[in-house]
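Everything on this sheet refers to the single structure shown next.
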Amino acid sequence: MVRTRFAPSPTGYLHIGGARTALFNYLFAKRNDGKFILRIEDTDLERSKIEYEKEIIQDLLWVGIRWDEGPDIGGNYGPYRQSERLELYNLELKKLVEKGLAYECYCTEEELEVQRKLQLKEKKPPIYDRRCLNLTEKKRKEYINEGRRPSYRFLVPHKTLEYTDLVHGKVTVDCSLISDPIIVKSNGIPTYNFACVVDDYHMGITHVIRGDEHLDNTPRQILIFEALGYKHPFYAHIPMILAPDRTKLSKRHGATSVKELKQLGYVPQALINYISLLGWSPKENREVFSIEEIIQRFDFDHILDHPAVYDLEKMKWFNHYYISNILTNQQVLKYLQELDNNVKNNIDLYGKIIEFEKSRVYSLLEFIDVFKIISNDIVDYDLSNVDANLFSLNIKNTYDDLVNIEFSSVDSIKQSLKRIIQKHNLRTQDLYKPIRFALTNTLEGIELPKLIYLLGKEKFLNRLKNFISFVDSKTKV
RNA sequence: GGCCCUGUCGUCUAGUGGACUAGGACACCGGCCCUUCAAGCCGGAGACACGGGUUCGAAUCCCGUCAGGGUCACCA
């Protein structure tokens with residue numbers, strides 16, 4: 001039985017890279033009828049916050065990833081927060097100490113820092129010199145009397161390690177180049193490399209799928225598995241997602257968290273589809289896949305081993321495609337309600353807006369923009385880039401006909417406008433542009449007859465009049 | 001700096017020694033549609049990092065150079 005896990009540390013929001021790691025773990029588990037587990041790695045007491053755990057869970061649920069076991073729903077391998085499994089790590093630590101494979105270290109962080117800098121200065125790799133490996137009992141007592149508390153280090157066997165990565169293939173490592181890692185901090189809390197191994201074993205994880213940044217942790221972890229006498233899981237390191245400047249993705253690169261994307265009007269299906277294609281591709285020459293189709297096709301053979309650059313433009317296109325072609329009007333309305341509380345008070349109007357705008361919109365926010373245009377009258381026009389006098393003139397000249405536009409449907413409005421254009425011998429844009437501008441203060445957006453229909457006769461005429469007097473007042477000054 | 005990973009259009013990618021005149025998608029450019037802006041449809045431009053090998057034949061295998069990324073914490 002395949003068991004995979006996503007193991008975030010609750011020190012921040014779920015970002016695009018984390019979401020993809022979670023997704024790939026989920027896909028692989030589902031592809032093989034296995035289980036997907038959510039585990040919270042909160043061993044960093046200072047930075048971990050329960051609020052972040054809640055946010056991460058919310059975001060994961062929003063994108064549509066579901067787990068079979070986790071801190072919120074329990075399971076047979078719990079608890080699923082590392083802070084609640086401290087006895088287990090202690091037990092495992094004891095085993096290693098008894099075997100002589102872990103040892104106390106009384107060095108302070110300051111001392112270690114000094115040593116590290118010295119080694120770096122001499123252009124040597126910063127490796128712990130094992131000065132605490134064979135402490136005399138006397139020295140040990142001395143340290144304790146000084147008030148020092150020991151951390152525990154894992155004794156790395158200096159051998160050559162070979163293992164197979166499901167994405168990268170065979171990996172060989174010279175372990176004499178690896179520094180003895182601290183596995184339990186002086187406050188008694190395990191570090192990542194230890195807790196991770198203990199949990200992956202006791203939770204029965206069969207496949208560890210994670211980002212390439214963990215490649216160098218893998219030999220350490222395998223060594224600890226071996227020291228404990230446990231068989232290690234399979235490893236698959238997936239390529240990282242880079243920002244357009246080809247550095248690690250971070251806040252300064254704009255919208256990188258799932259939460260931000262949601263607020264920007266992206267739809268979860270589009271997000272899933274887009275990130276699934278970052279570093280992985282199905283055989284077919286097509287790019288729109290439902291999550292079920294992706295599960296069916298998911299495999300390690302088509303995972304790339306070089307990083308992918310995150311491109312918001314393509315993400316936008318996916319969003320457009322899903323809104324226009326995949327989602328029903330009802331689904332769009334539902335997402336809109338999640339996005340803006342005000343939507344539920346104007347269901348009918350939003351229903352119309354969705355019907356009219358669905359096929360051309362790139363973001364959910366654009367529906368809300370249309371709503372705002374319709375409900376908020378314009379108090380101040382930006383005349384700097386338009387020929388305001390000509391616009392005003394054209395509206396004045398046709399106003400008596402505009403008053404008589406037939407409002408029964410979008411099409412009747414369109415026909416009325418057509419007649420007016422013919423009657424006055426105008427080009428379409430001579431009438432469309434001024435009206436659009438008078439109505440919205442912009443020159444682009446929703447199709448004009450639809451806008452006029454949504455506005456209704458009263459607002460339509462009021463805004464025209466308002467625009468004319470606005471222009472008059474500006475030109476008189 | 002040591003160690004590790006990686007290099008196909010601007011970006012995501014197809015490609016597993018002959019089917020490659022290197023295919024698709026986003027973005028870009030042009031046209032059509034519409035007497036508006038978009039959307040849609042059609043078309044165009046655009047890449048095997050470089051240099052050596054191996055081979056009858058290399059985007060594909062090997063070596064080197066260059067370039068990018070990751071990592072060297074009592075963070076995960």
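Residue numbers begin at 1 in each chain, while the letters A, B, ... track the order of the sequences.
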(request) Tell me, please, which residues at least two apart from A:Arg210 pass salt bridge (charged side-chain N to carboxylate O under 4.0 Å, His left out). (result) none

(message) So if I take residues 167-181 of chain A and measure heavy-atom distances to RNA chain B, which residues fall below 4.0 Å?
(response) A:His168, A:Leu177

(request) State which residues pass salt bridge (charged side-chain N to carboxylate O under 4.0 Å, His left out) with A:Glu287; sequence neighbours excluded, sorted by chain then number. (result) none

Would you mind writing out the side-chain donor-acceptor pairs for residues 8-18 of chain A within the sub-3.5 Å range, not counting sequence neighbours?
{"unit_1": "A:Ser9", "atom_1": "OG", "unit_2": "A:Thr11", "atom_2": "OG1", "d": "3.3"}
{"unit_1": "A:His15", "atom_1": "ND1", "unit_2": "A:Gly17", "atom_2": "N", "d": "3.2"}

(message) Between the side chains of A:Glu447 and A:Arg360, is the shortest nitrogen-to-carboxylate-oxygen separation below 4.0 Å, so that they form an ion pair?
(response) no

(message) If you assign each of A:Leu242 and A:Leu215 to its closest nucleotide in RNA chain B, which residue comes earlier from the 5' end?
(response) A:Leu215

(message) I'd like to know if A:Lys248 pairs up with A:Glu213 as an ion pair, taking the criterion as any Lys NZ or Arg NE/NH1/NH2 lying under 4.0 Å from an Asp or Glu carboxylate oxygen.
(response) no

(request) Scan for salt bridge (charged side-chain N to carboxylate O under 4.0 Å, His left out) pairs involving residues 175-187 of chain A, sequence neighbours excluded, and state none if there are none. (result) A:Arg130-A:Asp180

(message) Between A:Glu51 and A:Lys49 (salt bridge meaning N to carboxylate O under 4.0 Å), is one present in this structure?
(response) no

(request) Applying salt bridge (charged side-chain N to carboxylate O under 4.0 Å, His left out), name anything that partners A:Asp129, two or more places apart in sequence or on another chain. (result) A:Arg131

Polar atom pairs (N or O), protein with nucleotides 73-76 of chain B, under 3.5 Å:
{"unit_1": "B:A73", "atom_1": "OP2", "unit_2": "A:Arg116", "atom_2": "NE", "d": "3.4"}
{"unit_1": "B:A73", "atom_1": "OP2", "unit_2": "A:Arg116", "atom_2": "NH1", "d": "3.1"}
{"unit_1": "B:C74", "atom_1": "O2", "unit_2": "A:Ser186", "atom_2": "N", "d": "2.8"}
{"unit_1": "B:C74", "atom_1": "O2", "unit_2": "A:Ser186", "atom_2": "OG", "d": "2.8"}
{"unit_1": "B:C74", "atom_1": "N3", "unit_2": "A:Ser186", "atom_2": "OG", "d": "2.9"}
{"unit_1": "B:C74", "atom_1": "N4", "unit_2": "A:Cys107", "atom_2": "O", "d": "2.5"}
{"unit_1": "B:C75", "atom_1": "OP2", "unit_2": "A:Lys185", "atom_2": "NZ", "d": "2.9"}
{"unit_1": "B:C75", "atom_1": "O2'", "unit_2": "A:Asp44", "atom_2": "OD2", "d": "2.8"}
{"unit_1": "B:C75", "atom_1": "O2'", "unit_2": "A:Arg47", "atom_2": "NH2", "d": "2.9"}
{"unit_1": "B:A76", "atom_1": "OP1", "unit_2": "A:Thr43", "atom_2": "OG1", "d": "2.6"}
{"unit_1": "B:A76", "atom_1": "OP1", "unit_2": "A:Asp44", "atom_2": "N", "d": "3.4"}
{"unit_1": "B:A76", "atom_1": "OP1", "unit_2": "A:Lys185", "atom_2": "NZ", "d": "3.2"}
{"unit_1": "B:A76", "atom_1": "OP2", "unit_2": "A:Tyr192", "atom_2": "N", "d": "3.1"}
{"unit_1": "B:A76", "atom_1": "O3'", "unit_2": "A:Glu41", "atom_2": "OE1", "d": "3.0"}
{"unit_1": "B:A76", "atom_1": "N6", "unit_2": "A:Asn217", "atom_2": "OD1", "d": "3.4"}
{"unit_1": "B:A76", "atom_1": "N6", "unit_2": "A:Asn217", "atom_2": "ND2", "d": "3.4"}
{"unit_1": "B:A76", "atom_1": "N1", "unit_2": "A:Asn217", "atom_2": "ND2", "d": "3.3"}

Report, one pair per line, the protein and nucleotides 47-49 of chain B atoms (nitrogen or oxygen only) whose separation is under 3.5 Å.
none

(message) Using every non-hydrogen atom in the two residues, find where A:Ser412 and A:Phe407 come nearest and quote the distance to one decimal.
(response) OG-C, 3.9 Å

(request) Name all residues meeting the salt bridge (charged side-chain N to carboxylate O under 4.0 Å, His left out) criterion together with A:Arg47; count only those two or more places apart in sequence or in a different chain, and write none if there are none. (result) A:Asp44

(message) Counting only heavy atoms and a strict 4.0 angstrom limit, can you tell me which residues of residues 156-165 of chain A come near RNA chain B?
(response) none

(message) Do the side chains of A:Lys358 and A:Glu355 get close enough for a salt bridge, i.e. N-O under 4.0 angstrom?
(response) no

(request) If a protein heavy atom is under 4.0 Å from the base, mark B; if only from the sugar-phosphate, S; if neither, -; do that for nucleotides 7-13 of chain B going 5' to 3'. (result) SS--SBS

(message) Within the 4.0 Å heavy-atom criterion, would you say A:Glu284 contacts the bases, only the backbone, or no part of the nucleic acid?
(response) nothing

(request) Decide, yes or no, whether a salt bridge links A:Glu226 with A:Lys159 under the criterion of side-chain N to carboxylate O below 4.0 Å. (result) yes

(message) Between A:Asp401 and A:Arg419, does any NZ, NE, NH1 or NH2 come within less than 4.0 Å of an OD or OE carboxylate oxygen?
(response) no

Do any N or O atoms of the protein come closer than 3.5 Å to N or O atoms of nucleotides 38-45 of chain B, and which pairs are they?
{"unit_1": "B:A38", "atom_1": "O2'", "unit_2": "A:Arg360", "atom_2": "NH2", "d": "3.3"}
{"unit_1": "B:A38", "atom_1": "N3", "unit_2": "A:Arg360", "atom_2": "NE", "d": "3.3"}
{"unit_1": "B:A39", "atom_1": "O3'", "unit_2": "A:His320", "atom_2": "NE2", "d": "3.1"}
{"unit_1": "B:A39", "atom_1": "O2'", "unit_2": "A:Ser359", "atom_2": "O", "d": "2.5"}
{"unit_1": "B:G40", "atom_1": "OP1", "unit_2": "A:His320", "atom_2": "NE2", "d": "3.1"}

(request) Could you tell me whether A:Met315 contacts a base, only the sugar-phosphate backbone, or nothing, with contacts defined as non-hydrogen atoms closer than 4.0 Å? (result) nothing

